[in-house]
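Lettering follows sequence order; numbering is per chain, from 1. Note that these values count all heavy atoms, side chains included, but never hydrogens, waters or copies made by symmetry.
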2 protein chains.
Amino acid sequence: MSQVQTKSRIRESASRAEIHSCVVEKLSHYAPLSDSEARLISRLEERPRTFKANEVICGSGEELGSLFIVREGRAYTYQILGDGRRQILQLYYPGDIIGTRDIVFEQCTASTVCATEAVLCPFDKKDLKEVFEKAPKVAALIYAIGMLEQVVVLDRLKAIGRMQARERLAHFLLEVLSRSRVACHDPAAPLELRLNQETIGDVLGLTQVHVNRTFKQLERDGLIKRVNGKMELQEAELTHIAEFTDRYHRIDTSWFPVSRED
Amino acid sequence: MSQVQTKSRIRESASRAEIHSCVVEKLSHYAPLSDSEARLISRLEERPRTFKANEVICGSGEELGSLFIVREGRAYTYQILGDGRRQILQLYYPGDIIGTRDIVFEQCTASTVCATEAVLCPFDKKDLKEVFEKAPKVAALIYAIGMLEQVVVLDRLKAIGRMQARERLAHFLLEVLSRSRVACHDPAAPLELRLNQETIGDVLGLTQVHVNRTFKQLERDGLIKRVNGKMELQEAELTHIAEFTDRYHRIDTSWFPVSRED
DNA sequence: CGTCCATTTGATTAAGCTCAATGGACGTGG
DNA sequence: CCACGTCCATTGAGCTTAATCAAATGGACG
């Protein structure tokens, strides 16, 4: 909750101390940005916008006009099969960038909706051109973050393809936890999923019923403890069960272009 | 087979007609490149290298020093679970770029090996810096191709998460077919998998035995016909069964920076 | 002609799905 | 305050898909 910043501070332009943008915050988590780079990005970023729960950010087939940085809430991307089954492809938590993928297509390859009420910062697609032209380091950073997302997706692919329900769910919980920590900084904070069991099933390729049984099983085994919405995890054991690796630590910036005027 | 180019032609430098590089060929499939852009890229590209079947391109945990463009053969990226099970994350066919993901990490997140004898063109990682600095349009293109790969991975995630063996396999066959066509150009050419059933199982999250039964079933139903290694597909029916979409058609280049001196 | 490897087939088992019912939490309207 | 509806979690019973275990078949090749 303390993550929600006062919106009026965004959009000041001049000195670095005053630049307070979602994108700058996200990007500089991985590599330091020069003042002019930070200024360029924060200038491009539009006013944060509030979305209602279940509001569609971009439907499959529409054109995605901007990236969105998640400031608060949860969103996800999914596809529906002919028989009505649903696969959720990617979850977005505070700090994540929505649309790094679909922005390169003329039509979105999947639908994106908010799972909860959410605050998103749009970043216009056509302004990316300026980023690639004037701030190659930032471009490299955006590229790297896109690839980081891909690694996370592939970890989940492995879990769905080759693990049983118990390990899949453990893997999922740890992934959400590590993702929350990027934004939240407090490593002791309990996990707050804010997703119902049907949604989790659609992420993991399981039915809601089986997700429920598996949660119960993990609870019986003392691996998780649930207290109204929040969850405490036995991280060490779960990590072992799910063979989980946290991918959010570090990217290799050695090949990045240097900031133009540092 | 006709895809294998005479290697001596690569590396000439001067005029456009003589530039004959794997990377240039791949990238200009999606957007026209200026002469200087083409020159920059082809100059960076090193001599094609031949790999033996089962030769490791980059092991999990090592640093990946270059991208590789596949000229001939098949390769794949995989992860092994503690109990020995294997999940193949991505297959690479001629025209694909290996390493767009792992290049942004200090250590590879997965192992990559050749499934057959293969010819690959390395493209040094640290030279990417120059590309991002001097050829922003090419950088955008590389970004877009990385995202295209991600969409393909997510289509497979959907298949593995929410489809049965029959549809999964159909989906897989169509994906390989459409991928082959990027490199091969002949739309009537029969599908040449050159992968055994165990490998296919590890792609699709199925056992080798079940892959076999499913192949047999597709064959009985007249949806595929197998003649020593090659395969003819009833594309229309299979596309319907697998709800398949070909993602290789088109990316949105409208936001790309323009070539610097066209 | 025997070895190696991949494919094929059969019999049995188990993980997860489907269908169905119950109960708690919460909001809304009378 | 109570009645009611909705959403979600929970639990049970039976069924289906794919896994497992095991073995046979069939090239390709030295």
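Note: NZ (B/Lys216) to C1' (D/dA24) measures 14 Å, nearest angstrom. If you take CD1 of A/Ile200 and P of D/dC8, they are 12 Å apart, rounded to a whole angstrom. Distance B/Arg162 CZ to C/dC17 C1': 10 Å, rounded to the nearest Å. One atom, CZ of A/Arg194, and another, C1' of D/dC8, lie 16 Å apart when rounded to the nearest Å. Rounded to whole Å, the distance from CG on A/Leu169 to P on C/dG16 is 11 Å. Protein atom CZ of A/Phe215 is 13 Å distant from nucleotide atom C1' of D/dT10, rounded to whole Å. Here C/dC17 presents its P atom at 11 Å from CG of A/Leu204, a figure rounded to the nearest Å. The CD-C1' distance, from B/Gln217 to D/dA18, rounds to 12 Å in whole Å.
Taking every side-chain heavy atom of A/Leu206 into account, C/dG16 is the closest of C/dA6, D/dC21, C/dG16. The nucleotide whose nearest atom lies closest to any side-chain atom of A/Asn212 is, among C/dT7, D/dT10, D/dC21, D/dT10. Of the candidate nucleotides C/dG16, D/dA22, D/dG12, C/dG16 has the atom lying nearest to any side-chain atom of A/His210.
Residue contacts for B/Gly229: at a heavy-atom cut-off of 4.0 Å it reaches no nucleic acid atom on any strand shown. Backbone-only engagement by B/Arg85 is indicated by non-hydrogen atom pairs under 4.0 Å involving sugar-phosphate atoms exclusively. Counting any heavy atom pair closer than 4.0 Å across all strands shown, B/Arg226 reaches sugar-phosphate atoms only and no base atom. Nucleic acid contact class of B/Gly201 (heavy atoms, under 4.0 Å, all strands): none. At a threshold of 4.0 angstrom between heavy atoms, the contacts of B/Gln208 include nucleobase atoms, whether or not backbone atoms are also involved.
Across all strands shown, C/dC26 forms a Watson-Crick or G-U wobble pair with D/dG5, both key distances being under 3.5 Å.
Of the residues listed (A/Glu235, A/Glu175, A/Glu192), the one engaging A/Arg181 in a salt bridge (charged side-chain N to carboxylate O under 4.0 Å, His left out) is A/Glu235, and it is the only one.
The minimum heavy-atom distance between A/Met163 and B/Leu81, with the atom names listed, is CG-CD1, 3.8 Å. Residues A/Val176 and A/Leu193 come closest through the heavy atom pair CG1-CD2, 3.8 Å.
Nearest-nucleotide positions on DNA chain C for B/Asn196 and B/Val209 put B/Asn196 closer to the 5' end.
Interface remark: the B/Arg213 side chain does form a donor-acceptor pair with the C/dG10 base, using a distance-only criterion of under 3.5 Å.
For the residue pair A/Arg101 and A/Gln150, no side-chain donor N or O sits within less than 3.5 Å of a side-chain acceptor on the partner.
B/Asp202 and A/Arg162 are joined by a salt bridge, as a carboxylate oxygen and a charged side-chain nitrogen come within less than 4.0 angstrom of each other.
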Output, in order, the C-alpha distance, side-chain angles, deciding distance and verdict of side-chain hydrogen bond (donor to acceptor under 3.5 Å, both in side chains) for B/Gln90 and B/Glu149.
-> CA-CA 9 Å; B/Gln90 214 169 354; B/Glu149 294 301 322; 3.1 Å; yes
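Close to C/dC17, at under 4.0 Å from its OP1 or OP2, lies a side-chain N or O of A/Thr207. Within the structure, a side-chain polar atom (N or O) of A/Gln197 is placed less than 4.0 Å from OP1 or OP2 of D/dT10.
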